[in-house]
Number of protein chains: 2
Amino acid sequence: MIFTTKAEYGVRLLVELGRQPNDTPVSLKAIAESEGLPLAYLERIVALLKRAELVESTRGAHGGYRLARDPASVTMDQVVVALEGSVSPMSCFVDDSDDGRVLCSHVEDGEACATKFLWLRVQGGVIEALRRTTLAELVAFSLKQDEAQTPAPLGSALPLHSAA
Amino acid sequence: MIFTTKAEYGVRLLVELGRQPNDTPVSLKAIAESEGLPLAYLERIVALLKRAELVESTRGAHGGYRLARDPASVTMDQVVVALEGSVSPMSCFVDDSDDGRVLCSHVEDGEACATKFLWLRVQGGVIEALRRTTLAELVAFSLKQDEAQTPAPLGSALPLHSAA
DNA sequence: CTTAATCCTACCAATTAGGTCGGAAAACTT
DNA sequence: AAGTTTTCCGACCTAATTGGTAGGATTAAG
């Protein structure tokens with residue numbers, strides 16, 4: 001497995017927040033129920049997102065979380081770095097910079113192992129895939145998805161071909 | 001961590017075999033010593049490579065392993081699939097086909113979670129990076145590497161600008 | 001002042017990672 | 001034939017990580 005459930009749940013949480021039309025805060029309890037995720041665990045995950053300033057919170061009754069930034073400006077590499085700490089394809093890659101790009105530790109100077117060459121490519125592929133996916137894109141995907149299931153959510157016309 | 005040491009050691013082992021000029025078999029013991037890896041563990045790893053028909057073995061004294069195929073035709077996605085079983089970015093991805101490309105299990109029909117969309121992209125990025133890297137490329141990289149360190153290995157000319 | 005929420009820290013069980021051990025079987029050497 | 005070198009195979013083992021729970025403190029709304 002590449003990513004843990006922290007990334008999985010964290011992304012789902014962000015998508016859920018992004019689906020909210022207004023920016024009134026949503027409680028974790030509501031998200032936990034709608035997504036079927038354990039509340040206590042979500043609490044720890046959302047703390048990572050908050051530390052990365054991807055979400056904002058308001059405490060107390062009627063409190064909850066909302067997105068701190070425009071979903072279109074939030075790329076998934078930022079999200080994954082916030083949740084998982086880094087994007088390292090191999091344990092010999094050790095945290096260094098702030099963008100999830102890390103260096104191979106058992107390569108000191110100009111020396112380089114051939115495998116480092118490979119893992120760097122893989123890392124690049126992952127980061128590029130993450131970077132070109134925005135939260136807005138995932139939110140749009142999610143909205144289109146249940147629009148296809150529930151034809152007329154509120155004020156939509158033409159609920160045709162909804163057979164089966 | 002994306003890949004485990006199985007992938008790391010397995011690739012290093014293959015590179016080591018690829019560096020061998022003739023195709024006389026190399027013993028695991030020799031590789032374990034030159035790479036500083038535990039022999040018993042390497043045995044289990046090379047078994048995976050053999051099962052995938054990436055290496056061949058001869059038993060007994062003066063036996064060992066050699067590459068079963070032209071290094072230029074061996075792409076890293078094949079290697080990683082042989083070693084790790086599959087390339088799944090997320091635990092909800094479940095083994096299916098034979099090329100390391102797997103499907104998300106909690107998406108049954110046409111339904112798709114937004115995160116699946118993301119993990120598929122990541123998986124694609126990884127597989128593409130692996131697929132465009134051949135064993136021959138890594139071997140060449142490795143050979144060039146210690147050529148740079150030890151200027152004149154055998155019959156090489158012009159060991160110039162080797163200062164510092 | 002009660003309730004609903006975020007926050008925070010410690011604990012915990014199951015799985016996996018990474019590796020060891022002991023020995024069997026095969027092929028070569030003497 | 002005996003011994004040595006190797007592959008082969010399966011059980012075992014330890015430490016770390018994952019994925020979670022528990023319990024409470026804090027903050028704000030009604």
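Model, not experiment: these values are computed from the prediction. We name chains A, B, ... by the order of the sequence lines, and we start the count at 1 in each one.
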Self-check item: side chain to side chain contact (heavy atoms under 4.5 Å, CB included) against B/Thr24, all qualifying residues, sequence neighbours excluded
Solution: B/Asn22

Quiz prompt | Sequence-distant partners of B/Ala52, side chain to side chain contact (heavy atoms under 4.5 Å, CB included), two or more places apart | solution = B/Leu54, B/Ala82

Quiz item: Do the side chain of B/Gln145 and the main chain of A/Cys113 share a donor and acceptor less than 3.5 angstrom apart?
Solution: no

Side-chain N or O of [X] less than 4.0 angstrom from OP1 or OP2 on [N]?
X: A/Ser57; N: C/dC7; result: yes
X: A/Tyr65; N: C/dC7; result: yes
X: A/Lys6; N: D/dT18; result: no
X: B/Thr5; N: C/dG18; result: yes
X: A/Thr58; N: C/dT6; result: no
X: B/Thr4; N: C/dG18; result: yes
X: A/Tyr9; N: D/dG20; result: yes

Length of the line joining [X]:[atom1] and [N]:[atom2], which is rounded to integer Å:
X: A/Glu8; N: D/dT18; atom1: CD; atom2: P; result: 15 Å
X: B/Ile45; N: D/dC9; atom1: CD1; atom2: C1'; result: 15 Å
X: A/Leu83; N: D/dT17; atom1: CG; atom2: P; result: 18 Å
X: A/Glu33; N: C/dA4; atom1: CD; atom2: C1'; result: 13 Å
X: A/Arg66; N: C/dT6; atom1: CZ; atom2: C1'; result: 12 Å
X: B/Leu42; N: C/dT20; atom1: CG; atom2: P; result: 10 Å

Exercise. Could you pull out the closest heavy-atom pair between A/Leu83 and A/Ala7, with the gap in Å?
Key: CD1-CA, 3.8 Å

Quiz item: What pair of heavy atoms forms the shortest contact from A/Thr4 to B/Met90, and how long is it?
Solution: O-CE, 3.6 Å

Side-chain donor/acceptor pairs under 3.5 Å, residues 57-65 of chain B, sequence neighbours excluded:
{"from": "B/Ser57", "atom 1": "OG", "to": "B/Lys50", "atom 2": "NZ", "distance (Å)": "3.0"}
{"from": "B/Thr58", "atom 1": "OG1", "to": "B/Arg66", "atom 2": "NH2", "distance (Å)": "3.4"}

Quiz prompt | Within residues 21-29 of chain A: residues closer than 4.0 Å to DNA chain C (heavy atoms) | solution = A/Ser27, A/Leu28

Quiz item: Any side-chain heavy atom of A/Val80 within less than 4.5 Å of one from A/Val126?
Solution: no

Quiz prompt | Side chain to side chain, A/Val122 and B/Leu130, heavy atoms closer than 4.5 Å | solution = yes

Would you be so kind as to tabulate the donor-acceptor pairs closer than 3.5 Å made by side chains of residues 35-49 of chain B, with sequence neighbours excluded?
{"from": "B/Glu35", "atom 1": "OE1", "to": "B/Arg12", "atom 2": "NE", "distance (Å)": "2.8"}
{"from": "B/Glu35", "atom 1": "OE1", "to": "B/Arg12", "atom 2": "NH2", "distance (Å)": "3.2"}
{"from": "B/Tyr41", "atom 1": "OH", "to": "B/Thr5", "atom 2": "OG1", "distance (Å)": "3.1"}

Exercise. Heavy atoms under 4.0 Å is the rule here; annotate nucleotides 21-30 of chain D 5' to 3' with B where the base is hit, S where only the sugar-phosphate is, and - elsewhere.
Key: B----BBBSS

